Amino acid sequence: MVFLLCLAGFLVFAGVVLYLLLGRERYGVDRPAPVARLDARPGAARDGALKPEPFRTIRIYFIKPSRYDEEGFVQVYRYGVQPNNTLTVLKALNESYNRRYSAERNVYLDTVIWDEVCDGVVSPDTVKAIKEKAQEDGVELLAGIAGVQSNQYPRGRDLALQFIARGVTTMMGGFHVSGYPESREFLNSCGVTTISGEAENLWGGIIEDYLRGELKPHYAVTDGIRAKTGRDDIIVPVITEAQLPVVDDRYLTRFFDPTMTTIDTSRGCPFTCSYCSVKNVMGRTMRSREPNAVVTWVRDAARNHGVTSLFLVDDDFFRSPRWEEILTGLCEVKKEFPYFNFMMQVDVDASCYANLAEGESETAKHRRSRRFTELAAKAGCYQAFVGIESLNPDNLNFATKYQNTDERQNRHNIEEVRKHVLDKYRRVVDNWHRVGVSVHAGYMLGFPFDGPDCGRIAARTLRKIGFDIVSFFIMTPLPGTEDQVRYAKEGQIADWDFNNLDSQHVTLKHDKLDRAAWYQAYRDAFSGFYSLGRLLHTIFTVAGGRGLEAEARRATVRQFVYYFFSYRQGRHPMVGGVWQIRRRDVRRAPITDDEARRHYLGGLRFDAILRGESDGFAAAPA
């Protein structure tokens, strides 16, 4: 007993001594050591020959804005549905900058990504707290409103002006500001820097300009290759060696499926659809990442982050110049991680010619289509999203979506073309089902040749063809598209509130559909395809009877249930999330740009006028 007491006393004494010697300074002393220059000689800091240089930390908030609901409140959900690829790419660019230049420039970029849909509302109090926290930590602050779509522009604009009013340097990028010059000009006049196009070639230069205090009002890609669009040619970056997105484990927990993430393996779209803004922002020239880098990234995501599901957000993966190399590499990943799977976006030709129809002889496009579908299934593809858009060839030709009709010269009878389109859609579905992959169709309501019964007919016909999931959209004139330019010139745009460009609001005038009939067609389409009877059948059969693989069946059930309830709760499935959180403390006040300027920057204008600086008041806080 005495021995044990002595031993205990000795251990306590030893612990106290060790703490006094080591413990009090185990995290370093309060006095910061000077930052050594790269070319400093050994001992320079110790003998005082080297003067310390200040280390700059820039905290960058990349915020993906949500949108306002019907009552003007910000839409927020407990769980999101799909991670935003723009946020993870931007964070990767900052991490790449830190690895390459942090020591050389004596600068560190501290990144925070914030997706309003699932991370919560950025309220005025939040903006204030962000500014105060940066001041408390002694870091510089930069706000980036990122990946802004047109229906998110009003919310993104309001956020940007709130940061400007707080004196925070603010930027905005995304499809809307890239395709709509009027919004860029307004934001620039308020002191917001805008970025058009893809950021990979621009970001390093933007940071350097910021460090020098010479940030420009607007940035656009000037180094790359020339690409055609639906209008003028543009410059787009080469992405072969471009930075891949990060897998942010914290961010993934905000989604219903935390094991799913996104990656773009290629960019651009070769087609000329008049309603689509992709070709005008990213060009019609297809560009691909290095396949080995993509496969290595996917293997790392599966091994180190628990990712089992992937969404290839390429606008048309079938048109990627290196799809075969990527799919071959993913087949190897699938062998190593049997539960790995992915979904992708493709056009109708990806699977249409995977079989030989009656009277056809095998050609290169048949072999290519067959190779693509079989290799995709082997690599783990469980769903293909296909842009159907319409059953009526007149509508497809109006939108210059000739890849669906194979009819550019109007040489055939309209009934023959209609039969060809329906046959082509059946082949698309049958050939994907043959390899066990489900098919998700995109369908638009309100083309010029649509009538009041277009929704009911679409639901019935798409069910009969065999599509597993369908996303219905109200025809929307997205800024930067040929349709928007045409409808604006003809005076056909009835609603200029960008918040309503979410594919479930009527914003156009129509010769055959008034507003009530258009909404009824939309309801007919969703309720007809996602009926209660079909919901129960899908659940109890686990999407059986179609030849789908197990993961494709499970995914179809999940999506069918989500679409069934999401539509009935008044929101488009692709815009919302799961379990809506109703915040009533942040509500939309201004509608137009000028109202937003007066609402958020009115006080700044008054102060500037008193100082005799009214011409440039908006830029002063930035």
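Just so you know, these numbers come straight off a predicted model, no measurement behind them. Both backbone and side-chain heavy atoms feed into the values below; hydrogens, waters and symmetry mates do not.
- Using a cut-off of 4.0 Å between Lys/Arg side-chain N and Asp/Glu carboxylate O, Asp115 and Lys64 are scored as not salt-bridged.
- Counting only distance, with no hydrogens or angles, the side chain of Asn201 and the backbone of Asp223 share a donor-acceptor pair below 3.5 Å.
- The closest side-chain heavy-atom distance from Ile474 to Trp518 is below 4.5 Å.
- A salt bridge links Glu290 with Arg322: the distance from a Lys NZ or Arg NE/NH1/NH2 to an Asp or Glu carboxylate oxygen falls below 4.0 Å.
- Proximity of a side-chain donor or acceptor of Ser66 to a complementary backbone N or O of Gln75 within less than 3.5 Å is detected.
- Distance CZ/Phe175 to OG1/Thr481: 12.0 Å, rounded to 0.5 Å.
- Annotation for Asp585: atom CG counts as buried by contact number, over 12 foreign heavy atoms lying within 6.0 Å.
- Judged by distance alone, the side chains of Gln152 and Arg155 never bring a donor and an acceptor atom under 3.5 Å apart.
- Looking at Lys128 and Asp125, no side-chain N of the basic residue comes within less than 4.0 Å of a carboxylate O on the acidic one, giving no salt bridge.
- In this view, Lys401 satisfies the salt bridge (Lys or Arg N to Asp or Glu O under 4.0 Å) rule with no residue, not counting sequence neighbours.
- Between the side chains of Asn500 and Thr507, no donor-acceptor pair is found at a separation under 3.5 Å.
- Looking at His510, its side chain does come within 3.5 Å of a backbone N or O of Phe447 through a donor-acceptor pair.
- Using modelled atom types, no side-chain atom of Asn94 and backbone atom of Leu109 make a donor-acceptor pair closer than 3.5 Å.
- Atom-to-atom distance recorded for Thr592:OG1 and Asp497:CG is 9.5 Å, nearest 0.5 angstrom.
- Using a 4.5 Å cut-off on side-chain heavy atoms (C-beta onward), Phe385 and Met344 make no contact.
- A donor-acceptor contact shorter than 3.5 Å links the side chain of Glu116 to the backbone of Val122.
- Salt bridge Asp158/Arg588: absent, no basic N to carboxylate O contact under 4.0 Å.
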- Please assess Thr88 against Asp248 for the test side chain to side chain donor-acceptor pair (under 3.5 Å), listing each intermediate value before the final yes or no. CA-CA 7 Å; Thr88 53; Asp248 190 304; over 6 Å; no
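- Arg184 contributes a side-chain N or O that, together with a main-chain N or O of Ser178, makes up a donor-acceptor pair within less than 3.5 Å.
- In this structure, Phe271 has its ring center at least 6.0 angstrom away from the ring center of Tyr402.
- Expressed to the nearest 0.5 Å, how far CG of Leu508 lies from CD1 of Ile493 amounts to 6.5 Å.
- Side-chain contact between Tyr79 and Arg254 is absent, with no heavy atoms from C-beta onward closer than 4.5 Å.
- Not less than 6.0 angstrom separates the ring centroid of His440 from the ring centroid of Phe467.
- For the pair Arg284 and Asp233, the salt-bridge criterion is not met [side-chain N within less than 4.0 Å of a carboxylate O].
- Sorted by first and then second residue, the salt bridge (charged side-chain N to carboxylate O under 4.0 Å, His left out) pairs with a member in residues 192-205 read Glu198-Arg267, Glu198-Arg287, Glu200-Arg267; sequence neighbours excluded.
- Of the charged side-chain nitrogens involved, at least one lies within less than 4.0 Å of a carboxylate oxygen, so that Arg289 and Asp264 count as a salt-bridged pair.
- With salt bridges taken as basic N to acidic carboxylate O contacts below 4.0 Å, one links Glu482 and Lys279.
- The backbone N or O of Pro65 sits nowhere less than 3.5 Å from a side-chain atom of Trp114 that would complete a donor-acceptor pair.
- Side-chain contact annotation: Gln383 with Gln559, donor-acceptor N/O pair under 3.5 Å present.
- Counting non-hydrogen atoms of neighbouring residues, nucleotides and ligands closer than 6.0 angstrom, the NZ atom of Lys131 exceeds 12 such neighbours.
- In this structure, the side chains of Met171 and Thr194 stay at 4.5 Å or more apart for every pair of heavy atoms.
- In terms of modelled atom types and a separation under 3.5 Å, the side chain of Ser390 and the main chain of Asn392 share a donor-acceptor contact.
- Ring to ring, Tyr487 and Trp496 are not that close: their centroids are 6.0 angstrom or more apart.
- In summary, the aromatic rings of His572 and Tyr567 are positioned with their centroids too far apart to meet the 6.0 Å limit.
- Of the possible donor and acceptor atoms, none in the side chain of Tyr68 sits under 3.5 Å from a partner among the backbone N and O of Arg587.
- Side chains of Asp209 and Tyr219: a donor on one and an acceptor on the other come within 3.5 Å.
- Salt bridge status for Asp450 with Lys512: absent, with no side-chain N to carboxylate O gap under 4.0 Å.
- Around atom CZ of Arg582, no more than 12 heavy atoms belonging to other residues, nucleotides or ligands sit under 6.0 Å away.
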